[in-house]
2 protein chains.
Amino acid sequence: MSGMERRPTLHDVAREARVSAKTVSRVLNGEGPVAAATRERVLAVVARLGFRPNLMARSIRTGGPDSTVGLVLPELGNPFFGALAGGVEEAVRGRGLTVLLGCSGGDRAREAEVVGAFLARRTSALLVVPAGGGETLAAAAGAGVPLVYLDRPGPGADCVVSSNRAGARAGVAHLVAAGHRRIGFLGDLPASMYTRRERLAGWREALAAAGLPAPDALVAGARTAAAAERAALALLALPEPPTALFASNVNAATGALLALGRSGRRDVALLSFDDLPLAEVLEPPLSAVAQDPALLGATAARLALARLDGDATPPRTETVATRLVLRPARP
Amino acid sequence: MSGMERRPTLHDVAREARVSAKTVSRVLNGEGPVAAATRERVLAVVARLGFRPNLMARSIRTGGPDSTVGLVLPELGNPFFGALAGGVEEAVRGRGLTVLLGCSGGDRAREAEVVGAFLARRTSALLVVPAGGGETLAAAAGAGVPLVYLDRPGPGADCVVSSNRAGARAGVAHLVAAGHRRIGFLGDLPASMYTRRERLAGWREALAAAGLPAPDALVAGARTAAAAERAALALLALPEPPTALFASNVNAATGALLALGRSGRRDVALLSFDDLPLAEVLEPPLSAVAQDPALLGATAARLALARLDGDATPPRTETVATRLVLRPARP
DNA sequence: ATGAAAGCGCTAACAG
DNA sequence: CTGTTAGCGCTTTCAT
């Protein structure tokens, strides 16, 4: 009964195998010439002792960044960000990198804290859904760490976003094509938010393209589903109410569905930005402008890896296409 | 134009502040007595240089584990696991720990790989939703690293699960109380899965308690929503079809909803295990046995932290309560 | 083909 | 109150 022993080190292996530490190091890294017999012996001891090289010690000595990628998300309850994290993890694993996960809660101070901790770990790259404007991020990451803004743009670094504007335009255009002339916009709050702004612009563009007015009275905002439900009801109570609603995010869509469901109204069309898992089983099925969060994450990872590989071109923005998912009424 | 300079080290700070490295270290760690004037001077230099202590170097020297917690999930697309990760992150942040995130994809080999990488980083604890039986995990974590199984039990370590059986029993009992005598069970695959087994047991218990038979004919399994839809239709086509369905997970619920929706049947009751975001807006609203994934994660983190704090009691299993969310039909 | 010594950035253990 | 020395586990020189 030995209790919990100290983890074996490279030197332990060296001693047992009767070689020098450097030789063990060589075997482990497959570098330099090593006699086949020696290698066998070393490998045997490594296996017997269950030795695992200490990655931190290695990083320290080699001086390079650690084999982690920092990912900072506003929250994880939202499936969108979960899927995004999955995309990052998968894209990064092939390179032997591990994801360090942090939550900002949408708060700049916490974001700064998390980023600080990541930088202290010498993360090799930083992928961040910026909580604020991202100014502090740009400063922090000046230290030669590739930075990629996710989902929303920021200053002085690469950025990956969905085609919010074009997607919204396509969605609203579909409602227009179905004959609607007054289409309400149910947006996020605060109204200054990047994604909300872009999607609202798309709404305007689609209406303008059809020669329709885009009165502010048809624009409402809410942060929660409950608030969105009230906002939707308010829109429908207008003297000239919309005949269709464009819900620019999941909460807005949920609120709109609640409003329509509870008031029993089946004469108002609905289309949402960001697809819902149960959209297909709703009555009527809900059409949506679907994003691809996993691809968003994977793209950001790819961008960061390119920077690690020496890409020194000016910061660029990549746009991930959205897809209009039409779900006709059931027979 | 300096390009990217070397990150400043503790010695750089010491030199600029005209003190020894140890003094800077003391200031940074708030340990030992330091003259106020000296501390100010050091702090000023730290700020000016933008110095951040290298956490890896510190870990190496102190010999203790790294300030990370490894979390291994089967997938991140599933909101359940996203929320779980959020719970872990939040519980662990207070202790200054960061989450290392890995995906096993439900594959034991990949799981072993990820766990190996985490161990090499000297993660201070391991929280794993085990892909297989967890035998390899128990062995790997023997190395004095606290291990907690999440969502499903495993050998030789702590474990946190939902009250699958009692939750399912309560859900089915509710259907029974509503007068149903033939209640179909729509489960996960493979049938040997822990959560499926437990939920099926709950189904049986509820029926037995009411003196009702629990024929195998009423039990069906599926892995995807599409397959669950077919399975549900098959159950409903039975000579003595069920009048209610108990969907034991999200995919099963989705499939059942599709089956009922597409076939236009409104005479079959449905209740699901694991709540759906849009359950409230469905027609009729869907009642569910809700899990609390964030609490599941937080509980696992708490268990692991206790072990880090020296708790050496035998492994224990904590059960996180489920909650029956009844959603009456709308007026 | 192998090894000895030095050192990465930091802190523990002792001075003074 | 502050500094010196040594050394964590590993890799980089530079020898042999």
Side-chain angles (χ1 to χ4, degrees), chain A residues 5-43 45-46 49-67 96 117 119-124 143-144, chain B residues 5-43 45-46 49-67 96 117 119-124 143-144:
Chain A
E5 312 262 349
R6 186 174 56 72
R7 301 275 300 265
T9 77
L10 193 100
H11 284 92
D12 297 332
V13 175
R15 189 172 345 97
E16 296 271 320
R18 307 175 160 282
V19 292
S20 80
K22 178 64 211 180
T23 300
V24 178
S25 174
R26 274 197 267 258
V27 170
L28 259 35
N29 299 313
E31 106 194 353
V34 178
T38 314
R39 123 177 276 103
E40 294 305 318
R41 195 145 36 90
V42 169
L43 254 23
V45 176
V46 164
L49 262 44
F51 167 76
R52 310 227 36 141
N54 186 324
L55 250 46
M56 296 193 298
R58 177 180 306 186
S59 267
I60 287 235
R61 181 64 252 234
T62 49
D66 186 26
S67 57
L119 253 20
R121 304 210 96 78
R122 303 301 191 263
T123 287
S124 59
Chain B
E5 313 262 348
R6 185 175 57 74
R7 301 274 298 265
T9 78
L10 192 107
H11 285 92
D12 297 332
V13 176
R15 192 175 339 100
E16 296 270 319
R18 305 175 160 285
V19 291
S20 80
K22 179 66 210 180
T23 301
V24 179
S25 174
R26 275 197 266 257
V27 171
L28 259 35
N29 298 315
E31 106 193 355
V34 178
T38 314
R39 128 177 273 102
E40 293 305 318
R41 195 147 35 93
V42 168
L43 254 23
V45 177
V46 164
L49 261 44
F51 167 75
R52 311 228 35 141
N54 186 326
L55 251 47
M56 295 193 298
R58 177 180 301 182
S59 268
I60 285 237
R61 179 63 251 231
T62 49
D66 187 24
S67 57
L119 254 19
R121 303 211 96 78
R122 302 303 189 262
T123 288
S124 59

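Lettering follows sequence order; numbering is per chain, from 1.
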Between [X] ([atom1]) and [N] ([atom2]), how many Å, whole number?
| X | N | atom1 | atom2 | value |
| --- | --- | --- | --- | --- |
| Arg52(A) | dC10(D) | CZ | P | 12 Å |
| His11(A) | dC10(D) | NE2 | C1' | 8 Å |
| Arg58(A) | dG9(D) | CZ | C1' | 11 Å |
| Ile60(A) | dC8(D) | CD1 | C1' | 9 Å |

Do Leu28(B) and Leu10(B) make a side-chain contact, defined as non-hydrogen atoms from C-beta onward lying under 4.5 Å apart? yes
Less than 4.5 Å apart, side chain to side chain, heavy atoms only: is that true for Asp12(B) and Thr9(B)? yes
If you restrict it to nitrogen or oxygen atoms, what contacts under 3.5 Å exist between nucleotides 1-4 of chain D and the protein, and what is each distance?
from	atom 1	to	atom 2	distance (Å)
dT2(D)	OP1	Thr38(B)	OG1	2.6
dT2(D)	OP2	Ala35(B)	N	2.7
dT2(D)	OP2	Thr38(B)	OG1	3.4
dG3(D)	OP2	Ser20(B)	N	2.9
dG3(D)	OP2	Ser20(B)	OG	3.4
dG3(D)	OP2	Thr23(B)	OG1	2.7
dG3(D)	N7	Arg26(B)	NH2	2.9

Taking every heavy atom of Ala17(B) against every heavy atom of Val45(B), the minimum-distance pair comes out as CB-CG2, 3.8 Å
Taking every heavy atom of Ser59(B) against every heavy atom of Asp66(B), the minimum-distance pair comes out as OG-OD1, 3.3 Å
Could you verify whether a donor N or O on one side chain and an acceptor N or O on the other, from Arg121(B) and Ser67(A), lie under 3.5 Å apart? yes
Can you name the residues that form a side-chain contact (heavy atoms from CB on, under 4.5 Å) with Thr38(A), not counting sequence neighbours? Val19(A), Thr23(A), Val34(A), Ala35(A), Arg41(A), Val42(A)
Can you pull out every salt bridge (charged side-chain N to carboxylate O under 4.0 Å, His left out) where at least one residue sits in residues 31-40 of chain A? Sequence neighbours excluded, please. Lys22(A)-Glu31(A)
Comparing Ala57(B) and Ser25(A) on DNA chain D - which has the more 5′ nearest nucleotide: Ala57(B)
Name each donor-acceptor pair under 3.5 Å that joins a side chain in residues 49-57 of chain B to protein atoms two or more places apart or in another chain, with its distance.
from	atom 1	to	atom 2	distance (Å)
Asn54(B)	OD1	Met56(B)	N	2.9
Asn54(B)	OD1	Ala57(B)	N	3.2

Axis-to-axis angle across the helix from dA1(C)-dT16(D) to dG16(C)-dC1(D), five pairs an end, to 10 degrees? 40°
Going 5' to 3' along DNA chain C, which are the first and last nucleotides with any atom under 4.0 Å from a heavy atom of chain A? dA1(C) to dC8(C)
